[in-house]
Structures are given as C-alpha cells and as structure tokens.
Amino acid sequence: MAQPVRSFIEVPRDSHFPIQNLPFGVFQPRHGSPRIGVAIGNLVLDLSILEELGYLDVVTEGIVAGGARRQRIFMALGRPAWTRTRELIQHLLAAETATLRDNTQLRDRVFYQQSEVTMLLPARIGDYTDFYSSYHHAHNVGTMLRGPENALMPNWKWLPVAYHGRASSVVISGTDVKRPRGQTKTSEGSAPVFGPSRSLDFELEAAFFIGPGNELGRPVPIERAEDHIFGMVLMNDWSARDIQTWEYQPLGPFLAKNFCTSISPWVVTLEALEPFRKPLERQDPLPLSYLDRANDSTFDIHLEAGLRTDAMREPHVVTRTNFQNLYWSLAQQVAHHTIGGCNLQTGDLLASGTISGPTEESRGCMLELTWRGANPLKLPSDETRKWLEDGDTLTITGWCEGDNYRVGFGEVTGRVTAAT
Ligand code: CA
C-alpha cells in the first residue's frame with residue numbers, strides 16, 4: 001500500500017500527530033471503559049469500534065477492545081501485525097478513502113477530541129530499566145564527582161551502563177509529583193538528617209516499550225534487537241539529588257529515583273520514526289562483537305524541556321537537545337540487557353538515561369544545567385532556580401521535523417507538589 005500523505009482529518013502544520021505518525025495509546029472516554037486509540041491531529045481514533053466493525057483484520061479476538069492489558073497483547077504480536085494494523089488505519093484515515101470520511105454517523109462513534117479523554121499508561125509495565133547512554137551526561141556528572149581526568153568509569157565505553165528501576169511508580173504525563181522525604185547528609189554534618197529533598201531534579205529521557213520478549217537464557221542477537229521494540233515515549237526520571245548522594249554507593253540509585261517516573265502517553269512506532277533514522281556515530285573503541293551491528297543507527301529527534309513556575313504564564317525552555325546525542329543505540333541496549341540470559345517481557349520499559357548534548361544549553365537535567373547549584377538558572381520571571389521548587393511544572397516535548405510535517409511525541413509534564 002502506498003503511504004498516504006494527507007488525511008481527511010484536518011491536521012495543523014505544527015501538530016505532532018499527522019497521518020505519517022499514528023502513535024498508539026490507551027485512553028478512557030468520559031463515559032466508557034479504557035480502550036486503545038490512535039492520535040490523529042487533535043483527535044483520538046477509537047480502535048475498539050473499528051475492530052468490532054471488522055476493519056482491522058489482523059487483530060482478532062477483541063485484542064484492541066480493552067485497555068492497557070489488551071495493548072500488551074497487541075504489543076506481543078510483533079512487527080508484521082503492527083505494520084499491517086498501521087497500514088489499515090492509514091488507509092482508513094487517508095483523504096481519498098470514503099469509509100469514515102463520508103459516514104458522519106460512524107465518524108461520530110470512532111473519533112474523540114483529545115481534550116475530552118483521559119490518557120492512561122500505554123501498557124501495564126512489568127519491568128523498568130534505566131540506561132546511562134549519553135556520553136555528555138556521564139562525562140559531566142563524572143567530572144563533578146571525580147574531576148575531568150576520571151570523568152568516565154573504565155567500563156562506560158565498553159557496555160551500556162544501566163540499573164534496574166521501579167515499574168510501580170511509573171506514571172502518566174499530568175500526574176503531580178510529590179516531593180519525596182528521605183535521608184540526606186551534607187559533607188559537614190556527622191550524621192544524616194531526615195526531611196523533604198531539597199534538590200529535586202528532572203531528567204530528560206526517551207524510553208521504549210518491549211513488544212515480543214525473549215526466553216530466559218536466550219539472548220537477543222543484536223541484528224534482531226529492533227524486532228523486539230514496539231515504540232518510543234518521552235520520559236522524565238524525577239531525581240532527588242541529595243538523597244541520591246547519600247544512598248547511591250555501592251549499589252546505585254534507590255529511593256532517589258523510585259518515587260515517581262513520568263512518561264508521555266502516545267507510543268510512537270519505529271515505522272513512524274523510520275524517515276528520521278540516522279547512522280550511529282562511530283564508536284571508539286569498537287564494541288565487542290555482540291554489541292557490534294553493521295550500520296547501526298539512531299533517530300533525529302529534537303527534544304526540549306520547559307520550566308514554568310507559579311509566577312510564569314508560559315514555560316521557559318531550559319534545554320534543547322537531540323536523541324542523536326546518545327552514544328549507545330536501542331539495539332545495543334536490547335542486546336546487552338539480554339546477553340547474560342535475562343528475559344525481556346512484553347510491556348517492559350527501557351529508558352535512555354538523561355540525554356545531554358555537548359553544549360551548556362543542551363544539558364538534560366538541573367544537576368548539569370546549574371552545575372550542582374553553582375550557576376542557578378535565571379528565568380524570565382526574574383526568579384532563579386538551583387533545583388525544582390514546589391509549584392514548578394516541568395514539561396518535556398520531542399518531535400522529528402519532516403518536509404512540511406512533524407512526527408512528534410506530544411509531551412510529558414508534571415507539577416511538583418510539597419512533601420506531606
Ligand atoms: Ca535517569
């Protein structure tokens with residue numbers, strides 16, 4: 001089927017959701033149960049109705065009729081089924097297809113305004129892993145901790161460093177973020193104190209959902225790694241730096257990062273990202289063979305984070321970066337995660353780590369932007385910020401710039417509320 005370039009649905013020029021995108025999400029209408037939908041312009045297309053009417057021939061047995069659990073079943077089907085479903089939806093939405101275009105009654109049943117539905121998590125997340133794949137982020141943080149000569153740990157360029165995170169506290173965009181309490185200790189104090197974190201941070205990240213998993217003990221070869229990736233979302237890995245400083249040695253972050261992690265609701269497929277694929281920058285040293293894929297690649301995705309305080313009307317962009325700033329590819333992350341035999345499962349979430357670029361303006365968290373609070377951010381409201389304060393809203397957005405269209409992710413946003 002030829003790729004349609006225009007829908008009968010009006011899509012604003014700067015919309016993240018033209019017919020070239022068609023991301024999947026789980027939504028709940030005001031009156032009705034959760035179900036799977038696709039974003040088009042400012043609308044959501046209800047796949048459960050299309051399935052009921054027999055328009056989605058791949059997806060049988062009510063797979064898209066339900067919510068997050070059903071989405072997991074859809075994710076498990078694998079790329080041929082996703083591609084076929086995408087083609088059918090693209091065809092139904094194309095300007096030249098009359099099925100929905102000329103049937104007002106049916107259109108009223110299958111379309112909702114995005115502003116009138118509640119978005120839910122795109123899948124029930126089984127396990128969540130967070131990588132540390134941006135060279136500039138790792139280098140900046142390492143410089144702060146150990147000085148520029150020892151900024152990178154010896155393993156960093158040999159394997160994609162990661163930790164196992166906490167899936168239960170992954171929340172959907174829009175959820176308030178309660179400032180955590182915990183133990184902190186200053187270098188002067190002889191004992192830790194307990195109280196609300198005083199250095200709450202955001203981390204601009206991207207994450208991907210695992211489609212079909214792999215069996216325990218059967219690593220995913222790097223050449224097949226992308227077959228296991230359903231699609232991508234934006235992520236904010238909220239972090240309490242003072243809690244982290246005291247607790248992280250020797251086993252890594254724990255309570256500093258498990259109180260809340262926010263993701264955007266629409267899962268953008270690799271099919272939609274395909275026109276924006278770019279070669280991965282050459283890695284030096286050459287990775288070991290299980291991490292070495294011929295013509296490995298990344299994606300050209302613009303990423304921004306905006307901060308709005310209670311005194312501001314509009315968010316102020318505090319960082320502009322790009323997904324291409326990641327050293328390790330998605331395929332390398334999957335291959336490495338499974339090489340010891342670990343079984344990834346459908347609905348698992350694997351995140352990139354903070355995506356910082358080479359310039360000061362492209363640093364992906366407050367820790368780097370303010371250099372641990374030494375250079376506070378100056379905001380248009382004449383306020384300054386070393387860290388996030390109660391009432392602050394942090395919004396991350398991202399998109400690929402096409403020829404007169406954008407394939408975007410929407411946003412992931414969250415407002416900081418006081419510790420209680
Ligand atoms: Ca992180």
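Heavy-atom basis, side chains included; hydrogens, waters and symmetry copies ignored. Numbering of ligands and ligand atoms starts at 1, following listing order. Numbers for residues simply follow the sequence, beginning at 1. Computed from a predicted structure; not experimentally measured.
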Give a yes or no on whether the ring-centroid distance for Tyr132 and His137 is below 6.0 angstrom.
-> yes
Please check this pair: side chain of [X] against backbone of [Y], looking for a donor-acceptor N/O pair closer than 3.5 Å.
X      : Y      : value
Gln90  : Ile19  : yes
Ser15  : Val11  : no
Ser356 : His136 : no

What residues, two or more places apart in sequence or in another chain, satisfy side chain to side chain contact (heavy atoms under 4.5 Å, CB included) together with Tyr163?
->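 Checked Tyr163 against side chain to side chain contact (heavy atoms under 4.5 Å, CB included); matches are Tyr128, Asp130, Asp237, Pro253, Lys257.
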Side chains of Gln283 and Gln332, donor plus acceptor under 3.5 Å |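 Gln332 and Gln283 do have a side-chain donor-acceptor pair below 3.5 Å.
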Work out how many protein N, O or S atoms lie closer to the Ca ion (ligand 1) than 3.0 Å.
->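 Those protein atoms number 4 in total.
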